Structures are given as C-alpha cells and as structure tokens.
**Q** 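One structure, pasted below without further comment.
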Protein chains: 2
Amino acid sequence: MAGSIKDILKNPVGIKVNGSLWIESDGQPFFGPGPVELLERIEATGSISMAAKEMKMSYKKAWELVSQLNAQMAAPVVIPQAGGEKGGGSTITPEAAKLIQYHRQLRERFAAFLEAESARLKK
Amino acid sequence: MAGSIKDILKNPVGIKVNGSLWIESDGQPFFGPGPVELLERIEATGSISMAAKEMKMSYKKAWELVSQLNAQMAAPVVIPQAGGEKGGGSTITPEAAKLIQYHRQLRERFAAFLEAESARLKK
DNA sequence: TACCGTTATATTTTCAAAGATATAACGATT
DNA sequence: AATCGTTATATCTTTGAAAATATAACGGTA
C-alpha cells in the first residue's frame, strides 16, 4: 500500500512488531516469561539449582524469583526442601501449574496480536 | 470464576497485564516509545537539545537516537542544522510524522489488547 | 557422625549502560 | 570578527544490575 511504514524504511525485509508481556501487581511487574520457564523446569527437574543451570541463570537469581513468587501468591507455587535424600529439591504446586497454563495461553494470544501487527506493517 | 488467576494471588486488587511494544528490523529493536516521544518533542520545540531536556534525557542519548533513526530510514526523519539563526535547530520530516501517527495508532490497539487481557485476568 | 547435593544468604567482583563533562564545528546575525 | 545556541563527538565518571564466590543450614542415608 502507498504511504506504508515499510516504504519509508531503508531495509524493510526483516521488519516486524515485537514486544513483551508481564503481569503487574501494585504497579510492579512480578510475572514475566522468565519465571514461567523457571517453574516449568523446576517441575521437570525437581530442583531449583538444576532448573537454573539449564536456563543459564544463576542460582541466586532463580532463588530470588521463586522467593518473590511465593511471597506474592496466596499459596506457594514452589515447595523447597533443603536437605533430605539427594540433598533436597523442590516441587511445584497445582497453583504453579495454573500459572504456567494461563501464561501459555496468554502468550499465544499475544503472538497472534504481534503477528497481525507485523502483517499490517508490511501492507 | 472459580480457578481464576486472581484467586491464587495474595493481593489481586492492583493486578493487570502490562507490556511494551517495539518495531524490529533484522532482529534488533529500533523504534520504541522513547524515540516517538523524542520526535514529537523535536517537532514541538524545533531542537534536539530542548526536546531532550524536556524528557530529562541526555543530549547525547537523544542525538544517538536521532542518528540511529535517520540511518535506518530510507529518508531522514530529522533534519538537523548546526549553526544559523538562534544557533541552529532541527525539524522533522513528513516521514517522521508518519512514524509518529503509526505508533500512536499501534499503541491504541495495544492498549485495547492489554485492557482485554487485564479484564480476563479478573474473571 | 560423616557425607551428599540441595536450599538459603551474604559478600565481593565485574561489566555494561547511563550520565556527566569537555570541546569543536557550524552558520546566521550584529 | 565576535557572539549565540545549537549540533557533533570524544572521553571520563558514575552507578546499578548481573555474575561470581563463599559459606552455612538442612535432613535423609550409610
């Protein structure tokens, strides 16, 4: 279309609309893509430290995320155990599974939005 | 609704979905909310330095944004003049106006999306 | 009790982004 | 030529976030 955005760009080939989403509570973000993946990997590995390693995230960062998440939920999403067989580990609660599922669907709807906007950009 | 996300949060009052959008070219973001506001203020003030000061952005940062934008557009969005009456100044081109208008509409559609998602969150 | 790998926490180090500062070039006006 | 406020650019400093490091606590198992 004439007068389109892509027409005024020097290199319109790789152009698209991108973005990121998160859930805010009291104005401060507390649940973005990072925590979701962390929860998924904690579920898969049974361990915060292993999940963090897989994501190339420091254990400290991972622990802070878990701690922050648990603090903001009515019930904890991760149950940690320090010590025990194999040194301990962590399991996720049904509430965590709910969060994961919700965020997955949210991401899908957002991806559709971005797709539509990217298409509009090229028209 | 039962099993909703808001039910598993400790403080569900201020909860909402938020996010940010930008345009990518070749995978690297080059046009987000900051540059738009800068362009608007350059148009209003006729000067990069005044626009930057209004936004409490360093002149350096503002100049870098302008420079980067100009480099990525087929035609420049800002025409700077160093020296001249009143020391110089900068004007924006019709292409810049197009970018501003596009981004404004994009923001509106995104706001609607976020609003819908925030509403869904509370259901 | 000694060991293990994990959770929990404090401290230090690194590093990149932002900011501050300084200086030159510019071109109309006087 | 001197002045003015702007653009243009280099360099130094600050600072804040991430990463790295270190250490203790934990609770099963052998």
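Keep in mind it's a predicted model, so treat the numbers as computed, not measured.
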**Q** Between P on C:dA25 and CD1 on B:Ile48, what's the gap in Å once rounded to a whole number?
**A** 19 Å
**Q** Mind calculating the distance between CE (B:Met55) and P (C:dA18) to the nearest angstrom?
**A**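 In whole Å, C:dA18 P and B:Met55 CE are 13 Å from each other.
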**Q** Checking all strands, does B:Lys60 fall into the base, sugar-phosphate, or nothing category for heavy-atom contacts under 4.0 angstrom?
**A**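 B:Lys60: base contact, heavy atoms under 4.0 Å.
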**Q** Would one find more than 12 heavy atoms of other residues, nucleotides or ligands at under 6.0 Å from atom CD of A:Glu64?
**A** yes
**Q** For A:Ser67, report the nucleic acid contact type (base, sugar-phosphate, nothing); a contact means any heavy atom under 4.0 Å.
**A**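 It contacts nothing in the nucleic acid.
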**Q** Count the heavy atoms belonging to other residues, nucleotides or ligands that lie under 6.0 Å from CD of B:Gln68, then report whether that count exceeds 12.
**A** yes
**Q** Does any donor atom in the side chain of B:Ser47 or B:Thr45 lie under 3.5 Å from an acceptor atom in the other side chain?
**A**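 Per modelled atom types, B:Ser47 and B:Thr45 side chains form no pair under 3.5 Å.
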**Q** Atom NZ of B:Lys56 and atom P of C:dA18: how far apart are they, to the nearest Å?
**A** 18 Å
**Q** Think A:Ser49 has a side-chain N or O under 4.0 angstrom from the OP1 or OP2 of C:dT7?
**A**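 For C:dT7, OP1/OP2 do have a side-chain N/O of A:Ser49 under 4.0 Å.
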**Q** Between A:Gly88 and B:Val66, name the one whose nearest nucleotide on DNA chain D is closer to the 5' end.
**A** B:Val66
**Q** Heavy atoms from C-beta onward define the side chain here; which of D:dG28, D:dT7, C:dT7 lies closest to that of B:Pro80?
**A**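 So the nucleotide nearest the side chain must be D:dT7.
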**Q** Starting from the 5' end of DNA chain D, give me the residue, A:Met57 or A:Gln81, whose nearest nucleotide shows up first.
**A**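 Nearest-nucleotide comparison on DNA chain D picks A:Met57.
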**Q** Tell me, with the steps shown, if B:Leu69 and B:Leu38 meet side-chain contact (heavy atoms from CB on, under 4.5 Å).
**A** CA-CA 11 Å; B:Leu69 269 177; B:Leu38 184 63; over 6 Å; no
**Q** Report yes if a side-chain nitrogen or oxygen of B:Trp63 is closer than 4.0 Å to either non-bridging phosphate oxygen (OP1 or OP2) of D:dA8; otherwise report no.
**A** yes
**Q** Does a side-chain N or O of A:Ser90 approach OP1 or OP2 of C:dT7 to a distance below 4.0 Å, or not?
**A** yes
**Q** Considering only NZ, NE, NH1 and NH2 on the basic side and carboxylate oxygens on the acidic side, decide whether B:Glu117 and B:Arg120 come within less than 4.0 Å.
**A** yes
**Q** How many Å lie between CE on B:Met50 and P on D:dT6, as a whole number?
**A**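 Going from B:Met50 (CE) to D:dT6 (P), I get 7 Å.
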**Q** Could you tell me the separation between the CD atom of A:Glu85 and the P atom of C:dA2, rounded to a whole number of Å?
**A** 23 Å
**Q** Applying a 4.0 Å non-hydrogen cut-off, can you work out what B:Gly84 is touching in the nucleic acid: base, sugar-phosphate, or nothing?
**A**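 Base contact.
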**Q** Using atom CG of A:Leu65 as one end and atom P of C:dT7 as the other, report the distance to the nearest whole Å.
**A** 14 Å
**Q** Could you give the NZ-to-P distance, from B:Lys61 to D:dT9, as a whole number of Å?
**A** 19 Å
**Q** Hey, which sits more toward the 5' end of DNA chain C by its nearest nucleotide, B:Gly83 or A:Tyr59?
**A** A:Tyr59
